[in-house]
**Student:** 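Sharing a structure here in structure tokens format.
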Amino acid sequence: MATLSDRLDHVLGAKAAGSLSDAFDMRTVEDLLRHYPLRYATQGQPLTEEAPEDGAHITVIGRITKAELRPMRQRRGSLLKVVLDTGSGRGVDVTFFNGDKVKYAVREGARAMMSGTVNYWRPGQWNLSHPGYLILPEADGDEPTLTTVRGGGDLRGIAQSAKGAGGVDMSFFEREFIPVYPATAKVQSWEILACVRQVLDQLDPVEDPLPADVRDERALMPVSDALRLIHLPEHQADIERARERLRFDEALALQLVLAERRHEVSGRTARACPPRPDGIAAAFDERLPFELTEGQRQVITEISADLSREQPMHRLLQGEVGSGKTIVALHAMLQVVDAGQQCALLAPTEVLAAQHYRSLCAMLGDLGQAGELGAAETATRVALVTGSMSTATKRAALLEAVTGEAGIVIGTHALIQDSVEFFDLGMVVVDEQHRFGVEQRDALRAKAKDGISPHLLVMTATPIPRTIAMTTLGDLETSTLTQLPRGRSPIASKVVPRRVHPNWVDRAWERITEEVAAGRQAYVVCSRIGDDEDGGGTRGKGGKKRGADSGQEPPTTQSVLDVFDRLRTGPLAHLRIGLLHGRLPADEKDQVMRDFNAGDIDVLVCTTVVEVGVDVPNATVMVIVDADRFGVSQLHQLRGRIGRGKHPGLCLLITDAAPGGPAMTRLEAVAATTDGFELSVLDLRQRREGDVLGSAQSGTARSLRLLSLLDDLEVITTAQELARTLVADDPGLTGHPGLAAMMHAAVDSERLEYLAKS
């Protein structure tokens with residue numbers, strides 16, 4: 001007999017276990033049993049009058065009424081054209097590309113099972129192309145087994161896996177549902193099935209980690225039954241009930257991790273920073289030249305209450321591009337400064353760090369000039385620390401940080417270095433939190449005084465759907481800004497299909513000229529830098545070159561260097577054009593942004609270094625070249641750089657994408673709405689769910705097999721409520737060892753280690 005924790009090599013033998021380990025990193029019985037079927041081949045699936053969907057995978061049984069060998073037109077070889085009579089009143093057209101190899105088995109009169117993908121070659125006409133197949137014994141024959149397996153693909157492999165001393169036991173093919181697993185070229189689905197069947201035959205009853213009252217309340221089947229029925233169901237209801245139970249386990253495991261994290265944070269100690277009526281925050285409020293939105297005031301109140309407690313704030317602030325997050329964050333930092341502590345603002349790029357520095361200094365005025373002539377009585381100082389600063393400048397900034405003279409210290413990852421010390425760090429603000437690993441945030445928080453945890457505020461302008469936030473950031477309280485401040489102008493977006501209407505591109509440059517003539521400015525954004533990028537090639541995973549030398553055609557994308565040269569010598573030669581990209585020296589990048597802010601540059605040709613945080617209210621037009629090379633959220637972020645003043649914005653998306661194709665459909669969706677939350681859902685639906693959290697949440701692709709982060713709101717909400725209740729009553733889950741084990745089993749160790757640091 002076997003248990004979930006047993007090693008696979010002890011149960012299956014070294015050879016089979018080694019293959020599973022190499023292909024899927026499976027080491028235990030539980031690893032194998034949580035490798036759930038991708039789909040199920042359905043025995044004799046009936047064909048209705050309604051045609052199957054293109055791309056659907058179907059399995060049918062019938063008699064071959066036609067098997068005709070034909071030469072291929074464009075290449076050597078032959079096709080075998082087959083008609084399979086399924087008894088539904090219509091024949092299924094089947095094509096085998098290696099006709100000569102299968103014609104001896106796939107013959108007229110034979111009874112066969114075929115499993116493949118539906119392909120529509122023309123409207124109303126579909127077939128199965130090169131399906132898996134198995135020649136079956138006659139339904140009324142006396143043979144209980146097949147002595148010889150004749151077939152190909154998955155079905156042949158399944159038959160081989162059921163082969164014993166007397167032949168192939170065909171009883172397995174009498175099952176209504178036959179599991180088909182995610183597989184590799186070296187480990188096929190039927191080999192996984194054979195291992196699963198062998199393990200299930202030996203598996204001891206599994207002790208259920210969920211208390212009986214929890215299972216009963218939610219009508220969930222025991223986990224032992226779920227693990228068997230997900231692999232070898234008898235009915236459709238078995239599949240649904242097993243998935244329901246295992247999906248809940250996945251949600252609960254993640255929510256337990258986050259609930260424990262919330263509990264651990266609540267046990268830390270922070271310095272209380274209650275608001276002062278006579279401090280710098282109050283003085284800043286009195287000087288604001290505009291009225292805050294109701295949403296901004298509400299979030300400021302929420303954060304102020306958090307900062308007033310002796311437990312560290314742990315809050316996510318999300319909001320649309322231009323919703324006013326910076327003002328909210330600055331107010332919070334000033335409240336902390338009023339309490340005699342310092343704040344660190346971590347930005348993802350030097351361009352954005354410098355932008356934040358200039359923006360905060362401008363908003364504070366004499367309130368940010370402590371120690372200077374004319375400074376306000378309650379003033380503090382703002383310091384900037386970046387990796388490329390001169391030694392003298394950086395030394396001065398570091399001195400302001402360590403002495404406490406600077407109440408607000410802004411920087412990139414350079415703030416995390418050992419050489420940076422704070423006098424009394426009370427709060428960490430992380431801008432665009434998805435760009436930083438938790439290790440980086442943790443390193444900055446560790447710079448607080450011993451025994452004290454700084455308050456933490458993470459911000460993002462990339463809207464996060466509720467289910468995603470609950471599953472990935474469930475240990476953070478969430479505040480959302482949905483209103484745009486007064487003065488923000490609407491942004492119109494248009495797709496420019498260069499392949500269909502090349503003259504529209506000329507019109508895009510004319511629109512820029514018109515806007516500049518009216519006293520405004522523009523961005524032109526490109527997807528890559530160029531120059532030394534291998535003659536226009538790009539690099540794939542592992543740095544391997546993709547381009548002319550690899551035998552592939554180089555990409556048709558236009559580099560920022562090429563576009564810059566073409567515009568300044570062509571359609572925009574009469575304008576002042578600047579260039580900005582990530583490989584420029586830091587001082588040069590900073591000077592370009594200063595010139596653009598000051599209006600000394602009419603058109604900024606750039607890469608995505610302007611994606612977040614850059615604020616030039618006079619910029620009203622953005623042309624995005626090769627827009628199909630950007631993701632939905634990135635396009636939304638980019639166009640948020642315009643329309644930030646009193647004039648409306650115009651975003652033009654130039655693309656060579658084929659009309660009607662998925663890339664064009666994506667761009668048209670972006671052009672149709674400025675609702676970032678709607679676009680974020682669209683973006684996530686177009687990606688594999690395992691990639692939703694990216695590298696910032698290790699192990700998700702492995703741990704989330706059935707749970708949909710977009711669609712399973714009810715499951716996630718229920719699991720979150722239960723997890724928080726359990727952890728509140730039993731921190732560490734010492735009284736629920738089964739739940740603790742389930743949490744560790746469903747969430748791999750790398751992810752647990754990651755979340756433990758967050």
Side-chain angles (χ1 to χ4, degrees), residues 271-289 304 307 326-347 350 352-412 414-429 431 444 447-449 452 454-455 457 586-587 590-591 593-594 597-598 613 615:
R271 295 278 179 82
C273 302
R276 282 176 46 191
D278 58 346
I280 186 173
F284 176 73
D285 287 345
E286 292 176 0
R287 298 184 181 196
L288 275 178
S304 179
L307 295 175
T326 303
I327 287 289
V328 172
L330 178 56
H331 188 280
M333 288 189 283
L334 294 179
Q335 182 171 326
V336 172
V337 171
D338 275 337
Q341 294 186 271
Q342 294 170 286
C343 300
L345 172 56
L346 191 62
E350 290 196 352
L352 185 53
Q355 174 78 25
H356 275 312
Y357 176 73
R358 289 192 295 269
S359 177
L360 265 59
C361 287
M363 285 190 284
L364 288 171
D366 61 355
L367 291 173
Q369 299 172 353
E372 299 179 24
L373 189 64
E377 182 179 350
T378 57
T380 186
R381 290 191 66 80
V382 181
L384 175 66
V385 179
T386 62
S388 60
M389 297 174 75
S390 68
T391 302
T393 304
K394 183 184 292 186
R395 185 182 295 117
L398 293 176
L399 184 61
E400 291 182 347
V402 74
T403 61
E405 187 178 349
I408 299 174
V409 182
I410 303 171
T412 58
L415 285 184
I416 304 171
Q417 296 174 355
D418 292 339
S419 59
V420 181
E421 295 182 15
F422 292 85
F423 179 73
D424 192 359
L425 182 61
M427 180 180 179
V428 175
V429 179
D431 195 13
L444 187 54
K447 293 180 179 295
K449 290 186 175 180
I452 299 295
H455 298 283
L457 178 66
D587 56 348
D590 190 55
Q591 187 59 52
M593 281 309 304
R594 287 178 181 273
N597 269 296
D615 186 9

**Student:** Checking the side chain of Asp338 only, and the main-chain atoms of Ala281 only, is there a donor and an acceptor separated by less than 3.5 Å?
**Tutor:** yes
**Student:** Would you say that Leu399 contacts Arg395 through its side chain, given a criterion of any heavy-atom pair below 4.5 Å between the two side chains?
**Tutor:** no
**Student:** Rounded to the nearest 0.5 Å, how far apart are CZ of Phe422 and CG of Leu398?
**Tutor:**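 Going from the CZ atom of Phe422 to the CG atom of Leu398 covers 9.0 Å.
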**Student:** Determine the sole option in Met427, Gln342, Met333 for which the side chain to side chain contact (heavy atoms under 4.5 Å, CB included) test with Ile408 is passed.
**Tutor:** Met333
**Student:** So, taking the atom named CG in Leu367 and the one named CZ in Arg287, what distance separates them when rounded to the nearest 0.5 Å?
**Tutor:** 4.0 Å
**Student:** Under the side-chain contact (heavy atoms from CB on, under 4.5 Å) criterion, do Leu425 and Val409 qualify, and how do the steps go?
**Tutor:** CA-CA 10 Å; Leu425 182 61; Val409 182; over 6 Å; no
**Student:** Roughly how far, to the nearest 0.5 Å, is CD of Gln355 from CG of Leu360?
**Tutor:** 10.5 Å
**Student:** Which heavy atom of Leu384 sits nearest to which heavy atom of Tyr357, and what is that distance?
**Tutor:**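 Looking at all heavy atoms of both residues, the closest pair is CB-CD1, 3.7 Å.
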**Student:** Among residues at least two apart in sequence or on other chains, which ones pass side chain to side chain donor-acceptor pair (under 3.5 Å) with Asp285?
**Tutor:**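 For Asp285 the side chain to side chain donor-acceptor pair (under 3.5 Å) partners, ignoring immediate neighbours, are His331.
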**Student:** Atom CG of Leu352 and atom CG of Asp431: how far apart are they, to the nearest 0.5 Å?
**Tutor:** 5.0 Å
**Student:** Output side-chain donor-acceptor pairs under 3.5 Å for residues 370-380, partner residues at least two apart or in another chain, one line each.
**Tutor:**
unit_1 : atom_1 : unit_2 : atom_2 : d
Glu372 : OE2    : Arg381 : NH1    : 3.1
Thr380 : OG1    : Gly407 : N      : 3.1

**Student:** Which pair of heavy atoms, one from Thr412 and one from Gly387, lies closest together, and at what distance?
**Tutor:**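 Closest heavy-atom pair between Thr412 and Gly387: OG1-N, 4.2 Å.
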**Student:** Return the minimal non-hydrogen interatomic distance between Ala354 and Asp590, and the atom names on each side.
**Tutor:**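 The pair with the smallest heavy-atom distance is CB-OD1, 3.4 Å.
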**Student:** With rounding to the nearest 0.5 angstrom, report the CG to CG distance, Leu346 to Leu415.
**Tutor:**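 The CG atom of Leu346 sits 6.0 Å away from the CG atom of Leu415.
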**Student:** Please answer whether the main-chain N or O of Cys273 pairs with a side-chain N or O of Gln335 as donor and acceptor at a distance below 3.5 Å.
**Tutor:**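 Side chain of Gln335 to backbone of Cys273, a donor-acceptor pair under 3.5 Å: yes, one is there.
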**Student:** For Ala406 and Ala401, which heavy atoms make the closest approach, and how far apart are they?
**Tutor:**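 Heavy-atom minimum between the residues: CB-N, 4.4 Å.
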**Student:** Is His455 reaching over with its side chain to a backbone N or O of Arg271, donor-acceptor style, under 3.5 angstrom?
**Tutor:** yes
**Student:** Rounded to the nearest 0.5 Å, how far does OG1 of Thr386 lie from CD1 of Ile410?
**Tutor:** 11.5 Å
**Student:** What are the two closest non-hydrogen atoms of Ala586 and Ser388, and how far apart are they?
**Tutor:** CB-OG, 2.5 Å
**Student:** Could you pull out the closest heavy-atom pair between Val382 and Cys361, with the gap in Å?
**Tutor:**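 Result for this residue pair: CB-SG, 4.1 Å.
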